[in-house]
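Every chain is numbered from 1, with letters handed out A, B, ... down the list of sequences. What you see below is based on every heavy atom in this structure, not just the backbone, and it leaves out hydrogens, waters and symmetry mates.
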Amino acid sequence: MTLSKKLGEWYEKEKRDLPWRKSSNPYNIWLSEIILQQTRVAQGLNYYLNFIEKFPDIFSLANADTEEVLKLWQGLGYYSRARNLHETARTIAFNMKGIFPQNYPGLLKLKGIGDYTAAAIASISFGKPVAAIDGNVKRVVSRLFAIEDEVNSTRGKDLIKTFSYEILDVSNPGRHNQAMMELGANICLPSKPKCMECPISQYCLALKENKVAELPLKYKKASPRNRYFTYLIIKKGNRILLKKRDKGDIWEGLYEFPLIENIQETSPSELASKIAGFLNVSDSQLNITKISETVIHKLSHQHISCRFIHLNFPGDFEISAGTGIEITTDEFEKFPVPRLIERYIDNKGL
DNA sequence: GACACGTGGCT
DNA sequence: TAGCCAAGTGT
């Protein structure tokens with residue numbers, strides 16, 4: 001029996017019952033693939049269900065507001081996925097009559113669909129013989145063939161791709177690709193892989209050479225940089241200020257409170273005069289009601305130390321252009337916000 | 001081709 | 001705990 005046959009039979013028997021596996025409809029597959037990019041099934045599952053419920057097809061998604069899409073995406077991270085999801089929904093709905101491109105190169109042209117996702121949709125929805133190579137597959141293949149090049153090096157990636165196509169089951173590429181990923185997710189784990197339960201262990205060179213624990217090799221990422229945020233929760237009765245984040249930094253398109261960013265940790269007393277300057281009022285006009293403890297928020301590439309400062313609107317202060325928009329506290333929950341802000345408000349209230 | 005881009009769970 | 005990892009893509 002061949003590797004792909006063993007793998008396929010194992011998959012049929014052991015695969016998890018996941019909602020996007022109930023259909024090969026490209027809309028469902030596409031949506032699930034975008035949600036699951038760099039995201040665990042456990043984390044993305046509810047988002048998928050919420051999206052399918054609110055936007056059951058490409059047209060309902062295309063006709064939504066981007067902000068509505070971002071709100072539903074809130075908390076999932078990598079928000080460009082949501083913006084690109086919406087843009088691509090509109091492209092398909094309005095320029096392609098709601099019909100997905102049915103092959104790899106066609107899919108690859110769409111925003112938010114790269115090598116992996118194009119291959120996943122082409123194989124799962126349309127049966128095209130293309131290898132979908134994600135983090136799981138890289139690990140599985142690097143061990144299967146005992147690849148000594150770093151999997152994030154050019155040569156390593158080349159080898160992974162070559163070997164992936166070598167073992168691709170062209171008679172059922174969709175099943176094969178999902179089986180490879182399922183194996184990586186449940187058996188061929190990063191640490192302490194369950195080689196005893198692996199359906200293709202007999203083909204595994206790393207196991208044979210006792211190298212499973214060392215593979216895959218990988219270059220390390222740079223360590224995150226530190227940032228220091230101070231959010232101003234400026235209240236005027238039941239009204240507060242909110243500001244939309246710009247392009248070119250984290251959380252593009254999400255909302256936040258007016259922000260003062262410092263180069264380094266700054267004490268509350270130093271902050272007071274910065275705030276006064278920011279608001280263009282004198283220190284004595286400031287009516288600070290509360291200063292939060294420092295909240296640490298870790299991103300993959302940034303560590304943010306953040307403080308929230310609550311203050312009442314200085315009496316004669318007028319909002320200058322660019323400071324933000326004024327909303328009522330009731331409206332707050334309708335705006336997409338970063339997890340850092342969502343969590344703080346959930347805990348402390350507005 | 002290297003780096004930016006979130007969040008949460010696991011070791 | 002600090003770092004790694006997760007169904008990657010865009011620039």
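- Of the N and O atoms on the side chains of A:Glu256 and A:Tyr231, at least one donor lies less than 3.5 Å from an acceptor on the other residue.
- Between A:Phe332 and A:Val337 there is a side-chain heavy-atom pair separated by less than 4.5 Å.
- Within the structure, a side-chain polar atom (N or O) of A:Trp251 is placed less than 4.0 Å from OP1 or OP2 of B:dT7.
- At a threshold of 4.0 angstrom between heavy atoms, the contacts of A:Leu299 include nucleobase atoms, whether or not backbone atoms are also involved.
- Contacts of A:Gly75 with the nucleic acid, taken as non-hydrogen atoms under 4.0 Å apart, involve only primed sugar atoms and P, OP1 or OP2.
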Kindly determine whether A:Ile124 and A:Gln178 satisfy side-chain contact (heavy atoms from CB on, under 4.5 Å), including the steps that lead there.
CA-CA 8 Å; A:Ile124 297 171; A:Gln178 292 182 82; 3.7 Å; yes

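- Among the atoms of the strands shown, none is found under 4.0 Å from any heavy atom of A:Asn177.
- Within the 4.0 angstrom heavy-atom criterion, base atoms lie near A:Arg21.
- The side chain of A:His301 contributes an N or O atom lying less than 4.0 Å from OP1 or OP2 of B:dC5.
- Separating the CD1 atom of A:Ile124 from the C1' atom of C:dA7 is a distance of 8 Å, rounded to the nearest angstrom.
- Here the P atom of nucleotide B:dC5 and the CG atom of A:Asn84 are 15 Å apart, to the nearest Å.
- As rounded to the nearest Å, B:dC5 and C:dA2 have P atoms that lie 23 Å from one another.
- Contacts of A:Trp73 with the nucleic acid, taken as non-hydrogen atoms under 4.0 Å apart, are absent.
- For A:Pro101 against A:Met96, the heavy-atom pair with the smallest separation is CG-CE, 3.6 Å.
- Between the P atom of B:dT7 and the CD1 atom of A:Ile296 lies a distance of 15 Å, rounded to the nearest Å.
- For C:dG10 and B:dG8, the C1' atoms lie 24 Å apart once the distance is rounded to whole Å.
- Within the structure, a side-chain polar atom (N or O) of A:Gln302 is placed less than 4.0 Å from OP1 or OP2 of B:dC5.
- With distances taken from any side-chain atom of A:Ser191 to the nucleotides B:dT11, C:dA7, B:dT7, the minimum falls on B:dT11.
- Residues A:Thr154 and A:Leu340 each lie close to DNA chain B; by heavy-atom proximity, the contact nearer the 5' end of the strand is made by A:Thr154.
- One atom, CD1 of A:Ile133, and another, C1' of C:dA7, lie 13 Å apart when rounded to the nearest Å.
- The side chain of A:Gln37 contributes no N or O atom lying less than 4.0 Å from OP1 or OP2 of C:dG8.
- To the nearest whole angstrom, the two P atoms, one in B:dG6 and one in C:dT1, are 25 Å apart.
- Between the CD atom of A:Glu33 and the P atom of C:dT9 there is a distance of 9 Å, rounded to whole Å.
- A:Arg81 places a side-chain N or O within 3.5 Å of a backbone atom of A:Gly77 that can act as its donor or acceptor partner.
- Using a 4.0 Å heavy-atom criterion, one finds that A:Thr39 contacts the bases of the nucleic acid, with or without backbone contacts as well.
- Mapping A:Lys298 and A:Asn152 onto DNA chain B by nearest heavy atom places A:Asn152 closer to the 5' end of the strand.
- As a whole-Å value, the separation of A:Lys111 NZ from C:dG10 C1' is 9 Å.
- For A:Tyr78 and B:dG6, a side-chain-to-base donor-acceptor distance below 3.5 Å is present, hydrogens and geometry of angles not being considered.
- In terms of polar N and O atoms assigned as donor or acceptor, the side chain of A:Thr117 never comes within less than 3.5 Å of the base of C:dG8 in a complementary pairing.
- Contact of A:Arg40 with C:dC5 (side chain to base): a donor-acceptor pair of N or O atoms is detected under 3.5 Å.
- With B:dT7, C:dA7, C:dG10 as the choices, the nucleotide that has an atom nearest any side-chain atom of A:Arg16 turns out to be C:dA7.
- Using a 4.0 Å heavy-atom distance criterion, A:Ala222 is classed as making no nucleic acid contact.
- Put simply, the side chain of A:Arg21 gets close to the backbone of A:Arg16: a donor and an acceptor are under 3.5 Å apart.
- What separates CD1 of A:Ile34 from P of C:dG8 is a distance of 11 Å, to the nearest Å.
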Start with the C-alpha distance between A:Tyr47 and A:Gln74, add both sets of side-chain angles, then the distance that settles side chain to side chain donor-acceptor pair (under 3.5 Å), and finish with yes or no.
CA-CA 9 Å; A:Tyr47 284 88; A:Gln74 175 174 305; over 6 Å; no

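- Distances were taken from every side-chain heavy atom of A:Arg81 (C-beta onward) to each of B:dG6, B:dT7, C:dG8; the shortest belongs to B:dG6.
- Comparing the same atom, C1', in B:dG1 and in C:dT11 gives a spacing of 11 Å after rounding to whole Å.
- For the pair A:Gln43 CD and C:dG8 P, the computed distance is 12 Å after rounding to whole Å.
- Distances shown here put a side-chain N or O of A:Lys218 below 4.0 Å from the OP1 or OP2 atom of C:dC5.
- Checking A:Val41 against A:Lys220, the closest nucleotide of DNA chain C that is more toward the 5' end is the one next to A:Lys220.
- Across all strands shown, A:Leu76 has heavy atoms under 4.0 Å from base atoms, whether or not it also approaches the sugar-phosphate.
- Residues A:Leu3 and A:Asp169 have side chains not in contact (no heavy-atom distance under 4.5 Å, counting atoms from C-beta outward).
- Comparing C:dG10, B:dT7, C:dA7 by their closest approach to the side chain of A:Met181 singles out C:dA7.
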